[in-house]
Amino acid sequence: MRFRPCIDLHDGVVKQIVGSTLTADGPGPATNFVAANSPAWFAALYRRDNLRGGHVIKLGPGNDEAAREALSTWPGGMQIGGGITMGNAREWLDAGASHVIVTSYVFRDGQVDFDRLQKLVAAIGKKRLVLDLSCRRRGDNYIIVTDRWQKFTETAVSEETLTILAGYCDEFLVHAADVEGKCAGIELPLVGLLAAHCPIAVTYAGGIRDMADIELIASRGKRRVDFTVGSALDIFGGTLPYRSLVNLSA
């Protein structure tokens, strides 16, 4: 189990937002934190502490320059997600990303578009691809969502889904979108599902508020599920010490 750091970008600035409030239209998202430091400052911090495998996420347009700044600060150290397609995936890898993170591009009409997925894998290789299976709860299931976590697909995070899609990528990234940014507790059943059925590396995000939640991820996740922390972290205005997570991952 590893701590995977994040750099979430909105309007070109490092921010922490409430995930369920991010929409294409209407007022801006509910924001927990706006950084005074640059994306490069955070990337340099993670590089200094050798925290590999974190992610830079572009939350909407206007973030390309900031993302390139972060990636160039630590070439090969972080992944990139947000608006990744067949047309720009190679460009982002060349800009310094270790992997590209993809969701919306490989879904069409609520289903996985395996033609697009296969072509993407052929172009960049599965070892450079992370599939984002961010989801929201509907009844007893966790349904994958796209388009800023607002659009439900018809695909559940399940043993079958995880097994099939693992053949096309190196890792999964899973935001529990209903609790993302709320610091009100994790989706423990989702963590357990990932631990039980995920055959490749997976990172969980969403709702972490303190070390007790991280201990729950360790126990329910059988130490097989990595995690990322946003709004609760002291470098993002919260109270959970960043240094304690660095030490945990050492």
Side-chain angles (χ1 to χ4, degrees), residues 6 8 10 17-26 29 55 57-61 79-89 92 99-124 126 128-182 186-207 225-226 228 230:
C6 64
D8 293 345
H10 183 256
I17 67 170
V18 178
S20 58
T21 67
L22 183 65
T23 60
D25 304 311
H55 49 272
I57 301 295
K58 300 184 293 156
L59 299 170
Q79 306 165 358
I80 180 75
I84 305 297
T85 68
M86 181 75 170
N88 63 23
W92 285 108
H99 299 67
V100 291
I101 305 168
V102 177
T103 308
S104 299
Y105 180 72
V106 298
F107 279 88
R108 185 178 295 178
D109 299 325
Q111 304 290 338
V112 179
D113 187 328
F114 282 99
D115 182 60
R116 279 190 172 187
L117 182 55
Q118 289 165 357
K119 288 179 178 176
L120 182 59
V121 171
I124 67 171
K126 66 172 288 188
R128 307 296 299 275
L129 178 62
V130 175
L131 288 180
D132 184 339
L133 306 185
S134 294
C135 54
R136 301 178 73 171
R137 192 162 188 166
R138 180 176 276 179
D140 293 330
N141 296 311
Y142 289 96
I143 308 298
I144 297 171
V145 289
T146 63
D147 302 292
R148 300 178 177 86
W149 303 329
Q150 300 301 313
K151 184 176 181 180
F152 280 87
T153 69
E154 298 174 12
T155 305
V157 178
S158 65
E159 180 178 5
E160 180 182 14
T161 298
L162 293 168
T163 300
I164 292 172
L165 293 182
Y168 294 91
C169 64
D170 195 40
E171 299 182 4
F172 294 125
L173 172 63
V174 183
H175 289 83
D178 287 326
V179 298
E180 175 69 19
K182 295 182 179 180
I186 63 176
E187 287 276 12
L188 201 54
L190 177 59
V191 173
L193 187 159
L194 296 174
H197 300 303
C198 191
I200 59 175
V202 58
T203 300
Y204 168 86
V225 178
D226 292 345
T228 190

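The basis for the numbers below is simple: all heavy atoms, side chains too, and nothing from hydrogens, waters or symmetry mates.
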### Task
Begin with the C-alpha distance, continue with both residues' side-chain angles, and end with the deciding distance and a verdict on side chain to side chain contact (heavy atoms under 4.5 Å, CB included) for His99 and Asp170.
CA-CA 9 Å; His99 299 67; Asp170 195 40; 2.9 Å; yes
#### Entry: Audit row: Val145, Gln150, side chain to side chain contact (heavy atoms under 4.5 Å, CB included) steps and yes/no
CA-CA 6 Å; Val145 289; Gln150 300 301 313; over 6 Å; no
### Chi angles and distances behind the side chain to side chain contact (heavy atoms under 4.5 Å, CB included) call for Leu59, Asp8
CA-CA 7 Å; Leu59 299 170; Asp8 293 345; 4.1 Å; yes
### Query
Do Glu154 and Phe107 pass the side chain to side chain contact (heavy atoms under 4.5 Å, CB included) test, and can you show the C-alpha distance, the side-chain angles, and the key distance before you say yes or no?
CA-CA 10 Å; Glu154 298 174 12; Phe107 279 88; over 6 Å; no
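Here the straight-line distance linking atom CG of Asp132 with atom CD1 of Ile84 works out to 11.0 Å at 0.5 Å rounding. The OG1 atom of Thr161 lies 9.0 Å from the CZ atom of Phe172; values are rounded to the nearest 0.5 Å. Note that SG of Cys169 is 4.0 Å distant from CG of Leu131, once rounded to the nearest 0.5 Å. Separating the CG atom in Asp226 from the CG atom in Leu194 is a distance of 11.0 Å, to the nearest 0.5 Å. A distance of 8.5 Å separates CG of Leu120 from OG1 of Thr85, quoted to the nearest 0.5 Å. Considering CD1 of Ile57 and CD1 of Ile80, their distance stands at 7.0 Å, rounded to 0.5 Å.
Side-chain contact between Thr203 and Val225 is absent, with no heavy-atom pair separated by less than 4.5 Å. You'll find the side chain of His175 stays beyond 4.5 Å of the side chain of Tyr204, heavy atoms only. Here the side chains of Lys119 and Asp115 are in contact, with some heavy-atom distance below 4.5 Å. For the pair Thr103 and Asp147, the minimum side-chain heavy-atom distance is 4.5 Å or more. Using a 4.5 Å heavy-atom threshold, the side chains of Pro189 and Tyr142 count as touching. In this structure the side chain of Ile124 reaches within 4.5 angstrom of the side chain of Val100, judged on heavy atoms. In this structure, Ser104 and Lys151 have side chains that are not in contact, with every pair of non-hydrogen atoms separated by 4.5 Å or more. Residues Val157 and Ile143 are not in side-chain contact: their nearest non-hydrogen atoms beyond the backbone lie 4.5 Å or more apart.
In this structure, Thr155 and Gly110 approach most closely via the heavy-atom pair OG1-O, 3.4 Å. Minimum heavy-atom separation, Leu173 to Val130: N-CG1, 3.8 Å. Summarising the geometry of Cys6 relative to Thr228, their closest heavy-atom pair is CB-OG1, 3.7 Å, with the distance given to 0.1 Å. For the pair Ser134 and Val174, the tightest heavy-atom approach, listed with the atom from each and the gap, is OG-C, 4.1 Å. When all heavy atoms are compared, the tightest approach of Gly82 to Lys58 is O-CE, 3.0 Å. Looking at every heavy atom in both residues, Lys126 comes nearest to Gly167 through NZ-O, 3.6 Å.
Ring-plane geometry between Phe114 and Tyr168 is classed as tilted, the angle between the planes lying from 30 to 60 degrees on a 0 to 90 degree scale.
Counting non-hydrogen atoms of other residues, nucleotides and ligands closer than 6.0 Å to CD of Gln118 gives a total above 12.
Looking at Asp178 and Arg136, a side-chain N of the basic residue comes within less than 4.0 Å of a carboxylate O on the acidic one, giving a salt bridge.
Checked by atom type and distance alone, the side chain of Arg137 pairs as donor or acceptor with a backbone atom of Gly139 at under 3.5 Å.
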